[in-house]
Every structure is written in structure tokens, then in C-alpha cells.
*Asks:* 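Below are the C-alpha cells for one structure; questions will follow.
Positions are given from 1, in the same order as the sequence printed here. The shown structure was predicted, so the numbers you read here are calculated from the model rather than taken from an experiment.
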Amino acid sequence: MLEEVERWLADRSWSVADRPLDQLLAAKRAAGTTVSVVLPALDEEATVGDIVEVIRRELVDGLPHPLVDELVVVDSGSTDRTAEVAAKAGATVVHRDDILPRIPAVPGKGEVLWRSLLATTGDVVCFVDADLRDFSAAFVTGIVGPLLTEPDVHFVKAMYDRPLGDAPGQGGRVTELVARPLLNLHWPRLAGFVQPLGGEYAVRRSLLERLPFPVGYGVELGLLVDALHTVGLDALAQVDVGVRLHRHQDGQALGRMAAAIYRTAQLRLSRGHLVRPALTQFERGPHGFEPRTHPVDTEERPPMADVEEYAVRRVA
């Protein structure tokens with residue numbers, strides 16, 4: 001490991017216990033910082049309500065001054081009761097297609113995160129996946145904390161244990177098989193991140209609006225790499241928030257995720273010719289193994305600061 005990364009691990013890796021809630025509230029009031037929490041959601045009626053309830057109870061309604069100023073669920077086309085459950089629990093629910101309608105939406109998590117910048121106003125934007133189980137408010141306070149207390153920190157990722165069923169530490173298969181090797185080989189200054197693909201991270205809006213967003217599963221790696229090049233390693237940090245429990249994808253879905261992440265890395269390495277943006281997988285059918293070819297996300301959204309509607313809103 002690079003000496004720079006060893007030093008970074010000592011200086012920019014914290015525990016959620018390092019910053020008690022009362023310290024965060026005091027820092028937030030002193031600086032006048034506003035915080036938005038965004039949950040991208042697609043068919044998450046089983047979990048999204050519990051997450052919203054915890055955030056509202058512990059970080060909004062249960063405090064003399066809220067830590068979270070906006071709690072927004074961006075529904076990306078759910079066919080279940082995700083929107084209804086989230087709204088009933090106390091979130092503001094916005095449909096992906098209603099944000100920036102001038103630009104037709106495409107499927108993908110990154111697309112939802114990008115559009116959420118137009119649906120929120122907070123100085124700090126905190127992203128939380130909507131499929132988490134046994135959710136703790138520490139996922140929010142942990143990653144928001146350094147942005148309220150450390151002026152030089154701009155991007156904070158959560159780190160945690162990821163069990164796979166009863167097997168501790170066996171989750172995050174795409175991280176271990178794809179993302180971590182890519183980062184260590186090509187961006188070794190990012191080798192200290194425990195969960196580089198984790199969906200829980202908080203970022204200053206002033207940085208987010210300057211970054212392009214891969215529209216699909218490559219968004220986490222893309223934002224992390226681009227943030228490194230934009231603000232430098234010392235402006236990035238991570239916080240241990242405990243254990244993350246969520247729904248696990250099957251092997252073929254993980255393969256598609258891995259392909260999108262590889263493509264995102266390849267684009268940043270070359271900024272030139274792309275490999276063929278398709279992935280063929282195999283499923284057993286009545287006549288043996290049958291190929292199924294899926295497109296790999298090849299589109300990215302521009303920095304939000306370059307979007308006319310966003311610039312108009314800022315002037316207003």
C-alpha cells in the first residue's frame with residue numbers, strides 16, 4: 001500500500017462513535033449547513049418505509065433542531081407500493097420522470113441520483129440505498145458527520161461488514177472480484193476504501209454538481225474516481241457504521257453489475273474507444289444453455305452545473 005494511503009487511513013477513516021449527535025447538531029447550526037437525504041428506490045416497499053421512519057424519528061422529528069432538512073425518495077418506476085409506503089412514512093416522494101422532463105430518463109441507479117440534485121436543495125446530499133434491513137440512523141449521522149465538522153472533507157463513504165446469509169464478511173462480491181482489483185491496479189490512491197461500491201455516501205453539493213454521473217451501476221466507482229481527480233485524496237473519507245444487511249442479487253445480476261463497473265473504469269482510463277458495450281450470459285433452457293445478451297450502460301449524464309434548469313434554479 002502506498003505510504004500516502006496508509007497516512008490517509010489513519011487521518012480520514014473514522015467510526016460513527018467519534019462524532020456524537022449533539023456535536024453534529026451544534027456544528028450544523030454554527031455553519032448553517034443544510035442536509036438532504038436521498039433514497040433511490042425501485043420496488044422497495046418491504047424496506048423503504050422502515051428506513052424513512054427511522055430517519056424521521058431520530059434525525060428530524062425527535063430533535064429540537066433537525067439534522068436532516070430534506071428526506072426525499074426518488075421512485076424510478078416502481079410497480080409495487082414503494083411510493084405510497086414512503087410517503088406514508090414521512091418522505092417527500094418524487095418520480096424520476098417528473099424531474100428534468102426535458103431530458104428523457106433512462107433506466108439506472110445513477111440516473112436517479114443525478115436527477116435527485118434537481119429535487120433537493122441541501123448543501124450536503126446523503127445517499128442511502130432503499131433496500132437496507134435493520135436500518136440504523138448511524139448510516140446517516142456517520143457519513144454526514146465529517147462534512148459538518150471537517151471543512152476540508154468533501155466526500156464521505158460508509159464502511160461496514162457485509163454478511164452473505166450467515167457467512168460474515170462474504171457480501172460485496174462485485175467489490176472483491178471487480179472493483180477492488182481495478183482500484184488497486186489503476187487508482188492505487190483509492191485502495192484504502194473498504195466499501196468503494198457502497199450505496200451510502202454523503203457529498204457536498206458543490207462537488208456533486210461538478211461531476212458526471214454514469215447512469216447505471218458504475219455510478220459509485222465513477223463518482224469516487226472523479227472526486228479523487230477533482231478534490232484530491234485528503235478531501236475524501238470513510239466512516240465505520242457497523243453492519244449492512246440488504247437484499248442480495250443473484251449471480252447473473254452481479255455479472256451485469258460487474259460489466260457496467262468495468263466499462264465505467266475503462267472509460268476513465270482511456271477516455272477513448274470503448275470495448276463492445278454488451279454482456280452475454282447463459283441460462284439453462286429446454287434445449288441446454290441459452291445465451292442472453294444484455295446492453296452495458298454506455299451513457300453518462302453531464303455535471304449538473306452544466307444543465308440549464310439547474311443553473312436557472314441557482315440564480316433564482
*Asks:* Drop me the distance from L182's CG to R268's CZ, to the nearest 0.5 angstrom.
*Replies:*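 It comes to 12.0 Å.
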*Asks:* Taking salt bridge (Lys or Arg N to Asp or Glu O under 4.0 Å) as the definition, give me every residue that meets it alongside E45, ordered by chain and number, with sequence neighbours left out.
*Replies:*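 Checked E45 against salt bridge (Lys or Arg N to Asp or Glu O under 4.0 Å); matches are R81.
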*Asks:* If we only count heavy atoms from C-beta on, is the L267 to E300 side-chain gap below 4.5 Å?
*Replies:* yes
*Asks:* Taking a hydrophobic cluster as the set of Ile, Leu, Val, Met, Phe, Trp and Tyr residues connected by side-chain heavy atoms closer than 4.5 Å, whether directly or through intermediates, do L185 and V194 fall within one such cluster?
*Replies:*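 The answer is no; the residues belong to distinct hydrophobic clusters.
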*Asks:* Are E220 and K109 within salt-bridge range, i.e. N to O under 4.0 Å?
*Replies:*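 K109 and E220: salt-bridged.
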*Asks:* I'd like to check L63 versus L21 (side-chain heavy atoms, cut-off strictly below 4.5 Å). Are they in contact?
*Replies:* yes
*Asks:* Would you tell me whether E111 and S76 have side-chain atoms, one donor and one acceptor, within less than 3.5 Å of each other?
*Replies:*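 Checked: E111/S76 side chains show no N/O donor-acceptor pair below 3.5 Å.
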*Asks:* Which heavy atom of V68 sits nearest a heavy atom of I55, and at what distance?
*Replies:* CG2-CG2, 4.2 Å
*Asks:* Using only atom types and a distance under 3.5 Å, with no angle test, would you say the side chain of R56 pairs donor to acceptor with the backbone of A91?
*Replies:*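 A pair under 3.5 Å: no.
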*Asks:* Under a 4.5 Å cut-off applied to non-hydrogen side-chain atoms, are V144 and L24 in contact?
*Replies:*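 Answer no - side chains too far apart.
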*Asks:* Please give me the minimum heavy-atom distance between V125 and G122, naming the atom from each residue.
*Replies:* CG2-O, 4.0 Å
*Asks:* Above 12 or not: heavy atoms from other molecules or residues under 6.0 Å from CZ of R7?
*Replies:*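 Counting other residues, nucleotides and ligands, CZ of R7 exceeds 12 neighbours.
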*Asks:* Any idea which heavy atoms bring A86 and V73 closest together, and the distance?
*Replies:*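 Taking A86 first and V73 second, the nearest heavy atoms are CB-CG2, 3.9 Å.
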*Asks:* Is D161 reaching over with its side chain to a backbone N or O of V243, donor-acceptor style, under 3.5 angstrom?
*Replies:* no
*Asks:* Could you tell me whether a side-chain N or O of R96 sits under 3.5 Å from a main-chain N or O of G77, the two making a donor and an acceptor?
*Replies:* no
*Asks:* In Å and rounded to the nearest 0.5 Å, what is the CG to CZ distance from D61 to R57?
*Replies:*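 Between atom CG of D61 and atom CZ of R57 there are 10.0 Å.
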*Asks:* Between L132 and T47, does a side chain to side chain contact (heavy atoms under 4.5 Å, CB included) hold up when you go through it step by step?
*Replies:* CA-CA 6 Å; L132 302 188; T47 51; over 6 Å; no
*Asks:* When you measure from the side chain of S116 to the backbone N and O of L113, does any donor-acceptor pair fall under 3.5 Å?
*Replies:*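 The answer is yes, because a donor-acceptor pair under 3.5 Å joins these two groups.
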*Asks:* Going hydrophobic residue to hydrophobic residue with side-chain gaps under 4.5 angstrom, can you get from V60 over to L39?
*Replies:*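 V60 and L39: one cluster.
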*Asks:* Please check if the side chain of T82 supplies one atom and the backbone of E44 the other of a donor-acceptor pair under 3.5 Å.
*Replies:* yes
*Asks:* Does any donor atom in the side chain of T120 or R205 lie under 3.5 Å from an acceptor atom in the other side chain?
*Replies:*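 A pair is found: one side chain offers a donor N or O, the other an acceptor, under 3.5 Å apart.
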*Asks:* Starting at CG of D131, measure out to CD1 of I51 and round the result to the nearest 0.5 Å.
*Replies:* 7.0 Å
*Asks:* So, for G192 and L9, which heavy atoms are closest and what is the spacing to 0.1 Å?
*Replies:* O-CD2, 3.5 Å
*Asks:* Say whether, by atom type as modelled, one donor and one acceptor occur between the side chain of R244 and the main chain of Y160 under 3.5 angstrom.
*Replies:*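 No: the side chain of R244 does not pair with the backbone of Y160.
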*Asks:* Quick check: does any side chain N or O of D18 sit under 3.5 Å from a backbone N or O of S15, one acting as donor and the other as acceptor?
*Replies:*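 Indeed, once roles are kept as given, a pair shorter than 3.5 Å links the two residues.
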*Asks:* Verify side chain to side chain contact (heavy atoms under 4.5 Å, CB included) between W187 and H229, making sure each step is shown before the conclusion.
*Replies:* CA-CA 10 Å; W187 295 281; H229 292 307; 3.5 Å; yes
*Asks:* Using side chain to side chain contact (heavy atoms under 4.5 Å, CB included), reason through D152 and D234 one step at a time and then give a plain yes or no.
*Replies:* CA-CA 8 Å; D152 295 334; D234 284 341; over 6 Å; no
*Asks:* Have R19 and T149 got a donor and an acceptor in their side chains that come within less than 3.5 Å?
*Replies:*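 Yes, T149 and R19 have a side-chain donor paired with an acceptor closer than 3.5 Å.
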*Asks:* Applying a strict under-4.5 Å side-chain criterion to I, L, V, M, F, W and Y, I'd like to know whether L221 and L207 cluster together.
*Replies:* yes
*Asks:* Quick check: does any side chain N or O of R115 sit under 3.5 Å from a backbone N or O of I99, one acting as donor and the other as acceptor?
*Replies:* yes
*Asks:* Indicate yes or no for a side-chain donor-acceptor contact from E200 to the backbone of D129 under 3.5 Å, with no hydrogens or angles considered.
*Replies:* yes
*Asks:* Might you point out which heavy atoms bring P214 and G222 nearest each other, and give the distance in Å?
*Replies:*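 That would be CG-CA, 4.3 Å.
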*Asks:* Using ring pair (Phe, Tyr, Trp, His ring centres under 6.0 Å) as the criterion, list what pairs up with F135, not counting sequence neighbours.
*Replies:*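 Testing F135 for ring pair (Phe, Tyr, Trp, His ring centres under 6.0 Å), a comparison that skips the adjacent residues, returns F139.
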*Asks:* Enumerate the ring-ring contact (aromatic ring centres under 6.0 Å, His included) contacts for residues 8-28, please, sequence neighbours excluded, ordered by first and then second residue.
*Replies:*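 For residues 8-28, and leaving out neighbouring residues, the ring-ring contact (aromatic ring centres under 6.0 Å, His included) pairs sorted by first residue read W8-F193.
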*Asks:* Can you tell me if D123 and T34 form a side-chain donor-acceptor pair at under 3.5 Å?
*Replies:*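 Yes, a side-chain donor-acceptor pair sits under 3.5 Å.
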*Asks:* If you look at every heavy atom in T121 and S36, which pair is closest and at what distance?
*Replies:*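 Of all heavy-atom pairs spanning T121 and S36, the closest is N-OG, 3.9 Å.
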*Asks:* Between V35 and K28, is the side chain to side chain contact (heavy atoms under 4.5 Å, CB included) condition met? List the steps.
*Replies:* CA-CA 9 Å; V35 176; K28 180 176 184 289; 3.9 Å; yes
